[in-house]
Amino acid sequence: MITLILTLLMPAFVLVAGIVLGLLMKGVDRKFAAYFQSRIGPPVLQPFYDMGKLMMKQSIIPENAVTWIFKGAPVTALSSSVLLLIYIVVPYFLYLSGVHHFFLQAGDLIVILYVLAIPTVALVSGGFSSGSPYAAIGAQREVVLLMCVELPLAVTTITFATKMSAVCESCPSFSLTTIASHPVWNTMGPMGILGGMMLLLSFVFIVPAESAKIPFDQGEAETEIAEGLLAEYSGKYLAFIQMADGVKSLALVSLTVILFFPHGFTDLTGLRITGGGYDFTLAADVVLFFVKIFAVYFLLITTVRVIMARFKISQAAKILLLTITVVSLSGYMLIYLDTFISAL
Amino acid sequence: MSTRQTYPLHIGPTHPAFKEPVQFNFEIEGERVITCDIEFGYTHRAVEHIARERNFIQILYLLERICGICSVSHPMAYCLAVEQAAEIEVPPRAKYIRTIIGELERLHSHLLWTGVAAHEIGFDTLFLYTWNIREKVLDCLETITGNRINYGILTIGGVRRDITPDLYPVLQETLDYYYDVFERAREIILDNMSIQLRCKNVGILSHENALAYCAVGPTARASGVPRDVRVDYPVNAYPDIEWLKPVSPLDAGREPRGDVYDRMIVRVHEIHQSIDIINFCMENMPEGAVDVEPKATKMISTLKKVQGEGIGRYEAPRGEVSHYDILDNREGPLLMKVKAPTYSNGITWMKMFDNVEIADIPIVIASIDPCVACADRMSFVDSGGRRSIMTSADLHRLSVEKQRRIGK
């Protein structure tokens, strides 16, 4: 019974917590970027103030926009981002709290791969429907980026599934709970570790590309096409888009953490925290997870966007389709070989 | 292939990439620019007209405001023109002070440009870094002249304020700071992988086109044209500096191709050249007066007796700026003509836009360091508020009419 309630309540909780945490991370990200650039930067809570202000503002809809798509896109983007977050985070916490036997199949990587595309597709259709040439160019670029990042992401997914099927034959190999309960690094030799590193390296490009941050922010490129996709959005629609952006970045970072660093507190220390007859290990796990999320967000999004210039869309496509795909494919090869050798 | 669809894209007059209003009308195929048309005339302020209503000294402060960054270059060219017409010999110390202020201005202008260029390609960290180190030279200028921008230090026949010996340590400290920071800044700006990706082989202006379109300043030098007014037509302290020669991308070991990266190399190396020039001026500063006539009214009455014409050329940070003045027994010049560097360089945009992508447009536009307000010469709006296009024949007719009206 308690499992059922937990399963039902958790999504509602993730919806609120995801938006709050997503916005908070945006604030922290801006603060860190400001520190890198020797600025003071906005207050950490600035994204929340922005939301409050945007919600009060008038929303202008362009005359030649397709109104229902234009209005629907931000909401679709936000709801699909939250769905993505729920689908990534809930199974992981179910695993940590030890109730995963009930919901063993949860967190299928292939579903995540598809849901990941929905916010982008929603924004793209919003951009195309807004009737602005800048938004149309931004939407075209976003589509190109979406298609280019799909291949390395798929390769990574397949690598994990292959590895999981070798590690645990009875487990569903595409499931996040399986991946979380069998951390990749624990079961690999030196060659596999190298392969894992390469997959991680490809994620350094995949995460900014999926979350549309510099150097992969061609869709919004401020100085080129005046915020592109978002050129015509204002008021509460823009607020929804910003929230969706925060939640999606959070979801991507959580995915990275769960794929590569799923270790819970007990996995790391072999201990359980108990006091007054209660078990606090889950709380420790949650704190640890947040620490990991902030660290990965800082490394994959803040640092990358601070040290790079924006690529041209042709360069971005080339880098993602050739370089990053080759990197992730060689990661796959190495891990496959490693599994093969250790099975001998 | 001819059936491929193209679409129009208008950038400007207001756009995040521009600091000043100008409109570009592109015809785009996919992400590639096919044709380009430029529309000026959004920020015409009739400076030449206003100047004819003012006296010789008042004009100096008007000219400082033609361009916020070249606020020494325009008055300098004007002073040189009037001094040539009135045959005024500037004291040597004033010449050196003019050179120092001019080079400090070049220093901060090039740092500003580097920051703007970095911002155009989405590299905000470099933008803030260069603007951060630029603060030092602005502080130095404030200590010496009293203002960060629009220094108000030049006057006809010299400078208005001396750089006294107690200001030398301030200058020396600034120079030391830039000698210290230059190597690191050069590395950050030029050796950066993502900057090279965005700037190499973009917006190419070939050597022939640079000559044909009369490009000036860093834009010409990046295309391998050794053209620098400081060397070709030296004034102020420049004749004394024997080692001075136009900067070329070859200094960084790169064959000049005329792309955005070459322009970046030229500007970064000119920063170092400017520091060297200021150092030279400080070491060889002559003693003596800084002005032939400190009283403005007396200077105006001297100039009122003069009849003649003069032309002043000076190498502004963006290229050659030249002023032409006719003096005709008036309190101010009878006619004044300003030719700013963007006037020449703006036309080269048409060639640079060959074969670029939409993403390159901002950096190509920024690469000549445009000063649209300097280049705007007219805006023509009929009574209904509609803009229309004038052909060169119309312009010629209007010019002839105006010349007759002024010259009687």
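Each chain gets a letter, A, B and so on, in the order its sequence line appears, and its residues count up from 1. All values reported here derive from a predicted model rather than from experimental measurement. Computed from heavy atoms alone, side chains included, the values below leave out hydrogens, waters and symmetry copies.
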Nearest-0.5 Å distance that lies between atom [atom1] in [X] and atom [atom2] in [Y]:
X	Y	atom1	atom2	result
B:Leu126	A:Gln37	CG	CD	10.0 Å
A:Ile214	B:Thr125	CD1	OG1	8.0 Å
B:Asp360	A:Lys312	CG	NZ	3.5 Å

Whether over 12 other heavy atoms sit under 6.0 Å from [X] [atom1]:
X	atom1	result
A:Phe294	CZ	yes
A:Tyr35	OH	no
B:Arg184	CZ	no
A:Lys31	NZ	yes

Quick one: what part of [X] sits under 4.5 Å from any heavy atom of chain A, side chain, backbone, both or neither?
X	result
B:Phe127	neither
B:Asn132	side chain
B:His119	both
B:Leu9	side chain
B:Glu357	side chain
B:Val116	neither

task: Report the option among B:Ile363, B:Ile361, B:Ile358 that has the most heavy-atom pairs separated by less than 4.5 Å from atoms of chain A.
output: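 Most heavy-atom pairs within the cutoff with chain A belong to B:Ile358.
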
message: Which one wins on heavy-atom pair count under 4.5 Å against chain A: B:Ala359, B:Ala118, B:Pro8?
response: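 When all of B:Ala359, B:Ala118, B:Pro8 are compared, B:Ala359 has the most.
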
task: Check the pair A:Tyr134 / B:Ile11 against side-chain contact (heavy atoms from CB on, under 4.5 Å), numbers first and verdict last.
output: CA-CA 10 Å; A:Tyr134 293 129; B:Ile11 292 191; 4.0 Å; yes

Test item: A:Arg310 and B:Ile121 side chains (from C-beta on) under 4.5 Å apart, heavy atoms: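 Side-chain contact under 4.5 Å: no.
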
query: Which pair of heavy atoms, one from A:Ala309 and one from B:Ser194, lies closest together, and at what distance?
result: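 Closest pair (atom of A:Ala309, atom of B:Ser194, distance): N-OG, 3.2 Å.
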
message: For a quick test of reading the model, state the closest non-hydrogen atom pair linking A:Val306 to B:Phe123 and the distance between them.
response: O-CE2, 3.5 Å

